[in-house]
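Here the structure comes first, spelled out in structure tokens, and everything after it is commentary.
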Amino acid sequence: MKTALEFSEIHAGMLAEVGGKAANLGELTRAGLPVPPGWVLTTDAYHQAAETAGLQEIIAQGGDLATKARQRLLETTIPDEVAEEVRKAYAGLGESAPVAVRSSATAEDLPFASFAGQQDTFLNVVGPEDVLRAVRKCWASLWTDRAVAYREANGIDHAAVRIAVVVQTMVDAQVAGVMFTANPVTGRRREAVIDASPGLGEAVVSGAVNPDRFVVDVATAEIRERHAGDKKIAIRSLPGGGTERVETDVDGFCLTDAQVRALAELGARVEGHYGAPQDTEWAIDAGGRLWLTQARPITTLYPLPKTPPKTPPKTPPKTPPKASSKTLPEAPPETGQDGLRLFFSINVAQGVMGPFTPMGSAGIKLMSAGAARIAGYPPADPHQGAGPVVEAGQRLWIDLTKAARSRVGRAVLPRMLSVAEARTAVLFKALMDDPRLSMIYPSRRPFLRAARRIARAAGAPRRMRWALTRPERALTYSRRVGDELTRRLELPENVSPQARIDHAERLLGATFPMIFSIMPIVLVGYGMFGLASKLSGVSISDMQDVLRSMPHNPTTEMDMELWRLATRIEPFGDRSVEEVTRLYQAGQLPRVTQEAISGFLASYGHRGVAEIDLGVKRWSDDPSHIIGVLANYLRMDDRLAPDALFERGAAEAQAAVERVAAAAARKGRWRAAIVRRALDRTRRLGGLRELPKYYAVLILAGVRRSMRVVGEHLVTQGVLGTPDDIYFLTFQEARTALQPAKSKDDLRGLVAERRAAHEQEARRRHVPRLLLSDGTEPEALSIAAAEGAITGTPASAGIATGPARVVMDPVGAHLEPGEILVCPSTDPGWTPLFLTAGGLVMEMGGAMSHGAVVAREYGIPAVVGVTRATERVTTGETVTVDGAAGTITQEAADTITQDEAGTIAQEHADTITT
């Protein structure tokens, strides 16, 4: 078998034979792009060497895998036939030709993991024997510590990875660097970012210099930004081989405008060939010729939402303001200039950072269709969801373009967001200055019509009247909604799989109108809170204690019940959470403990982390998270007992009511009476805020159970491999799967493909909260201003000092009493951790978001809407959270061990002031 292939013999489908880098270089060469000539030593040559070195045994043994494998490869002689092919192929490039010898692994330069810089490159290698030595070093670099760690982080099997070696003619570069065909910081597509420096590109790639930077609009060739770097070092080739670093003194820019535009045009050609943004390396030789030395996908960009064609409105919109229309073309209906659209992440808003399962997305789309129906905008196909709901990166988004371009949307949406997702509200307001999103919908009538329809469907006038005059009736109604939903969930055991799917779709479509009917009651509760502030003259921020320990909140009731459960069960002793979970599932725990956990799960087992995705396991499916929380509670000091703190919070809330009423009395006796009644309604009804979602999750969990029965049926028919495979189909696909003619292999392959894609997407570390259709992440434009001071939105008053604990996933998380919980966002599945937290810091949310509400009820200081808090705060460092000022102060940047963190947390637990 030939082990040395020229670039012209290679195409993109040869990843297994030549690795990612070589496959790209072959593809670019065949596309006629200016790639320096070269060849690749295939992965088969590495395989021969690895077998000789006994790498399979080393991988199987584990331990210090990187060091052992690397050393064995460096000691292994290259097989004679391979060495001879290398010598012949090198001679084909010219006698004593200087070449670059580059690693090209099969898990490298992939669409989901670039592995940039993980393996080694050797520049200006001269002579066949030096090339052979460089080849052996490239093979060994597959086993550097960083490469091994990167593969493990990306879930790539060590044993399945092989490496090829690229040997490419060196360009005697006068200037070189890198170019991204989309802006890697802001995400904006069709905006090339070029870094350039004199000499070889290694100076830029390795970070040895501050390069010149250029930002180019690819569509217009306009150079938007120019930043001169210091360029103090250049890496240049040495005669006879090797490189040297030399000091330089370069004034001005190292590229002309013409060269910058030529680079951007070349980048557009590369991106056009691949159909996706690329990270490229380039060089310009002494004759001014431009060369492309490498290209790989940019793996960090968030995928763009795909928007279906929109039906134009019956009445054409009015002409945009003249200031915009003079310089930019008139926008099409419901889009910005150049078709720009604005999207808001449903996942981020709900605290679900991971991707949805296909059936999870399908369930939310059906619920959104029900919401659109009561607003008077029913979608043509409910399975596609409400008109503004789109999908990207296996997550759901709401298209806010029309709201951004309407007078009412600009007035209402920031107010709504400011209490639920404050950071988004700030970003939304800033976008209103973008001429591409100029206002073209001045009329209030469409909004008022929709609002009337929604109010009518929710029975708002009647239920608001109950809330004001007969709060007990309002509470009774809210419970009755839950009873009716539970009744609707019931199905005979012998119902057919087809009927189960039909039932699930009907139920999901009807859920939103039912649960939304509770919201008028909740709005009265918080409306009365605002009225009390106006009448008393006490600011909202100074009235926060009124919201402590409110009754009728299903989330806090659940957490309190979990705490009471911890006081009734026997300690777990030295047994691990995994062992206790196994014993519970086998029914082998002590009787009192077994029955207590079973009782809790009977009431709350439908809940879980990321619970709005019906494809995700519930606590009843996997109780290990709850058992882990119980293990935490069993270690708590009785002084910090949550039930006692909750009762104390209720007493402090009543004292706050009297304090506000006294302030009102100073302005008139009648004001005090109204304030007392208003705050009574706030405390009686405000806790219902969590109830609509609680009921929605109840329905989703019920549909999940029913669909699993369908999955079990399809397993017996040989269509699916496991019952849980059903969640990787949509409802329509599940219905089709019940048809006898459906190919079993087709569905199994589809499920396997979707599972793999879901697992890969779950590793994405960052999800934008707002996204423009050109790829721009608005928050990225403002991050620089946020550096230096960590600030956010005040959410729960008080000051807490303690060691930080950064938690990305609550399942299995260990939080010592008094630690400051720092997390991306929360849903009710996180709240058991709140009972031991000394304070809360969240990247998402506003003053009325779920996490903020629960933090106030528990009396722990909280700051939300903190940009990239999980990156800027480190586990173990001591931080002070000021929930009234909205600040986080980092008092010590040194990280500490978990045991030390627990000790410090206990010391700080008594210092928490609220």
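Residue numbers count from 1 along this sequence.
In this structure, Asp44 does not pair ionically with Arg162, as no charged nitrogen and carboxylate oxygen lie closer than 4.0 Å. Ionic pairing of Arg190 and Asp217 is not present here: no N-O contact between side-chain nitrogen and carboxylate oxygen is shorter than 4.0 angstrom. Between Arg30 and Glu27 no salt bridge is recorded (no basic side-chain N to carboxylate O distance below 4.0 Å).
Looking at Thr243, its side chain never comes within 3.5 Å of a backbone N or O of Ile235 through a donor-acceptor pair. The backbone N or O of Pro37 lies less than 3.5 Å from a partner atom in the side chain of Thr169, making a donor-acceptor pair. Listed for the Arg395 side chain is a donor-acceptor partner under 3.5 Å among the backbone atoms of Gly393. Side-chain N or O atoms of Asn347 include one that pairs as donor or acceptor with a backbone N or O of Leu396 at under 3.5 Å. A donor-acceptor contact shorter than 3.5 Å is absent between the side chain of Lys231 and the backbone of Pro198. Thr776 places no side-chain N or O within donor-acceptor distance of the main-chain N or O of Leu772, the cut-off being under 3.5 Å. For Glu225 (side chain) and Ile223 (main-chain N/O), no donor-acceptor pair under 3.5 Å exists by modelled atom type. Distance alone, capped at 3.5 Å, places no donor-acceptor pair between the Tyr302 side chain and the Pro768 backbone. Arg769 places a side-chain N or O within 3.5 Å of a backbone atom of Glu843 that can act as its donor or acceptor partner. No donor-acceptor distance shorter than 3.5 angstrom exists from the side chain of Trp282 to the backbone of Leu263, with no hydrogens or angles considered.
The salt bridge (Lys or Arg N to Asp or Glu O under 4.0 Å) contacts involving residues 172-189 comprise Arg188-Asp774, where partners must be two or more places apart or lie in separate chains.
Of the candidates Glu191, Glu777, Glu779, Thr186 forms a side chain to side chain contact (heavy atoms under 4.5 Å, CB included) with just one, namely Glu191.
Between Trp143 and His158, the angle of the ring planes lies from 30° to 60°, which puts this pair in the tilted group. Under the 30°/60° scheme for interplanar angles, the aromatic rings of Phe253 and Phe214 are found to be tilted.
The cationic group of Arg289 lies under 6.0 Å from the six-membered ring centre of Trp291 and within 45° of the ring axis, placing it in a cation-pi geometry.
Counting heavy atoms of neighbouring residues, nucleotides and ligands inside a 6.0 Å radius, atom CZ of Arg224 exceeds 12 of them. Residue Glu85 places its CD atom among more than 12 non-hydrogen atoms of other residues, nucleotides or ligands, all under 6.0 Å distant.
Under the salt bridge (charged side-chain N to carboxylate O under 4.0 Å, His left out) criterion, Glu265 pairs with no residue, sequence neighbours left out.
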